Amino acid sequence: MEIDHLFRHQAGRIVARLSRTLGPPHVSLAEDAVQEAMLRAVQTWPYQGMPDNPAGWLFRVAHNLAIDAVRRDKTFGDKAEALAAELTRSAVTMPRDEIDVEEQLRDDELRMIFMCCHPELSREASVALSLKTIGAFSVGEIARAFLADEATIAQRIVRAKRQIRESQLTLQMPAANELDARLDAVLDVIYFMFNEGYSAHSGVDLIRHDLCLEALRLGRLVVSASIAKPRVHALVALMALQAARFPARVDAAGDLVLLEDQDRSSWDERLIAIGFHHFDRSISGEEVSEYHVQAAIAATHARATDAQSVDWPLILTLYDQLLSINPSPVVALNRAVAVSKTHGAAEALTAIESIERDPKLRHYHLLLAVRGHLLLQIGRADEAAGDFQAALSCACSEPERRFLARKLEACR
Amino acid sequence: MSQFMLLLYHDPKGFQKLSPEQMQQALEKYMAWTKKPFMVDSKRLAEDAGKVIRPQGGKPRATDGPYSESKEILGGYYTIEAKDYDEAVKRTLDHPHLEFGGTIEVRQLYTS
């Protein structure tokens with residue numbers, strides 16, 4: 001099939017379209033109809049050939065299955081026929097590369113995103129629900145991406161759906177006075193989804209790349225809507241610029257490659273172009289969000305032609321700015337790396353002294369790894385070895401473990 | 001060159017647990033197989049039990065069926081070309097249907 005992820009993306013939009021007609025309490029019915037439509041495609045197309053408009057085929061069959069389900073389901077009572085008629089009308093607006101139809105379908109998905117990311121739901125619930133209904137990830141895929149077991153994820157989704165019913169959440173776009181807060185909730189979920197996929201915790205399972213790409217897709221969906229603010233552009237820029245490094249993050253042996261050692265020619269140029277496109281738009285207003293600063297850091301890395309020409313003083317300034325918006329130890333740790341590049345390892349060691357005292361970070365392997373790296377640079381190999389040793393005893397992924405073991409070896 | 005019919009049986013619940021992404025991957029494998037040069041024809045059977053007609057007391061009677069004992073149902077068929085059974089089987093061994101738990105019955109078409 002020519003189109004990447006056709007099923008996954010169509011599933012999300014058909015569920016959104018059906019749910020808009022059926023109402024939020026019936027998201028599961030919509031999901032079942034879509035799943036069944038795809039099942040029929042797998043069992044029919046290999047004999048009959050691909051339909052001319054595969055997306056339209058799935059759309060139509062899912063609608064027909066939903067109509068059957070509505071008629072079978074007694075709980076709809078005398079509303080069943082009206083709903084069936086409405087679904088029949090809805091089935092006519094099938095995807096066929098017409099701009100107004102595309103816009104309608106995007107609007108359905110956007111409403112679904114805002115409902116799934118409603119502040120009444122927890123962030124974990126929102127992420128799981130968004131991935132399931134809009135991203136069309138299976139429970140198994142979500143569980144794998146989050147290193148959780150399937151029952152936990154399944155239950156999280158069931159609870160989220162129940163809460164949608166009980167709190168009577170709707171697929172209406174938020175009113176103007178609450179739009180800012182609702183938009184922030186959506187961005188928070190998308191950014192969380194991206195970071196979960198981007199962190200190296202579970203090694204290089206491809207499903208985690210999919211998680212990042214889905215976050216990027218959702219971000220681009222929100223950014224294309226009229227309600228998009230500069231910070232949405234900033235978030236999309238940040239995600240695109242970071243995702244562009246995927247091909248270079250792991251070497252042929254499956255080992256992690258640090259940013260400074262990455263082969264920049266293998267960075268994804270298309271994603272970099274998308275990133276800069278949105279970065280330029282993000283700086284159009286007065287607004288400076290955390291996403292803006294993060295995007296500026298990613299853009300500075302992307303602008304450098306090689307590791308030696310990275311503008312570290314600029315990055316350090318940006319980290320100073322980021323730290324004033326979000327004074328977290330993880331930001332402080334990243335800032336220390338910029339300090340070492342600008343003023344040397346000794347000064348960077350001073351910079352991380354304050355976070356070393358944070359009890360939450362005592363067993364944070366990245367803090368230990370960074371400190372070990374700095375100590376090694378100024379010739380304090382014994383202490384560095386101690387840090388790498390300690391980092392190895394923390395919870396970390398297999399590629400990280402191999403990386404730390406190599407560093408430990410270098411101390412000897 | 002002789003012609004062989006490949007009868008594809010599957011468990012109707014087989015694909016249900018796959019995610020949309022996995023279903024697309026499965027579909028792509030199936031579609032790729034249909035592009036093989038020895039492919040002659042293919043048809044999908046409708047998803048119902050069908051009818052069976054038997055004589056009963058000298059009179060043909062139709063019943064729903066065949067309702068075989070196994071949970072697998074005949075989903076469709078391909079006709080392929082091969083010089084003998086050995087080659088027909090060899091050509092079918094890499095069919096993705098087998099990867100997804102299905103069964104394939106290979107039958108040679110009669111030629112006089």
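Quick caveat: nothing in here was measured; it's all calculated off a predicted structure. The chains referred to below are lettered A, B, ... by the order of the sequence lines, with proteins before strands, and numbering in each begins at 1.
- Using a 4.0 Å cut-off between charged side-chain N and carboxylate O, A:R111 and A:D107 make a salt bridge.
- Looking at A:A11, only its side chain comes within 4.5 Å of chain B, counting heavy atoms on both sides.
- Taking 4.0 Å as the cut-off between side-chain N and carboxylate O, A:R13 and A:D108 do not count as a salt-bridged pair.
- For B:L18, the part sitting under 4.5 Å from any heavy atom of chain A is the backbone (N, CA, C, O) and nothing else.
- Your options are A:G140, A:P46, A:S138, and the one with the most heavy-atom pairs under 4.5 Å with chain B is A:P46.
- Atom CZ of B:R44 has more than 12 heavy atoms from other residues, nucleotides or ligands within 6.0 Å.
- Interface remark: B:E47 contributes side-chain atoms only to the contact with chain A (heavy atom separation under 4.5 Å).
- Counting heavy-atom pairs closer than 4.5 Å to chain A, the top residue among B:K43, B:K29, B:H97, B:K17 is B:K43.
- Contacts of B:Y77 with chain A are made by backbone atoms alone, with heavy-atom separations under 4.5 Å and no side-chain atom involved.
- By the neighbour-count criterion of 12 heavy atoms within 6.0 Å, atom CG of B:D48 is densely surrounded, having more than that number from other residues, nucleotides or ligands.
- For the side chain to side chain contact (heavy atoms under 4.5 Å, CB included) criterion with A:L211, the lone passing option out of A:E141, A:R144, A:E196 is A:E196.
- Ring-plane geometry between A:F246 and A:H209 is classed as parallel, the angle between the planes falling under 30 degrees on a 0 to 90 degree scale with a further cut at 60.
- Among A:R40, A:E36, A:Q35, A:M38, the residue making the largest number of heavy-atom pairs under 4.5 Å with chain B is A:Q35.
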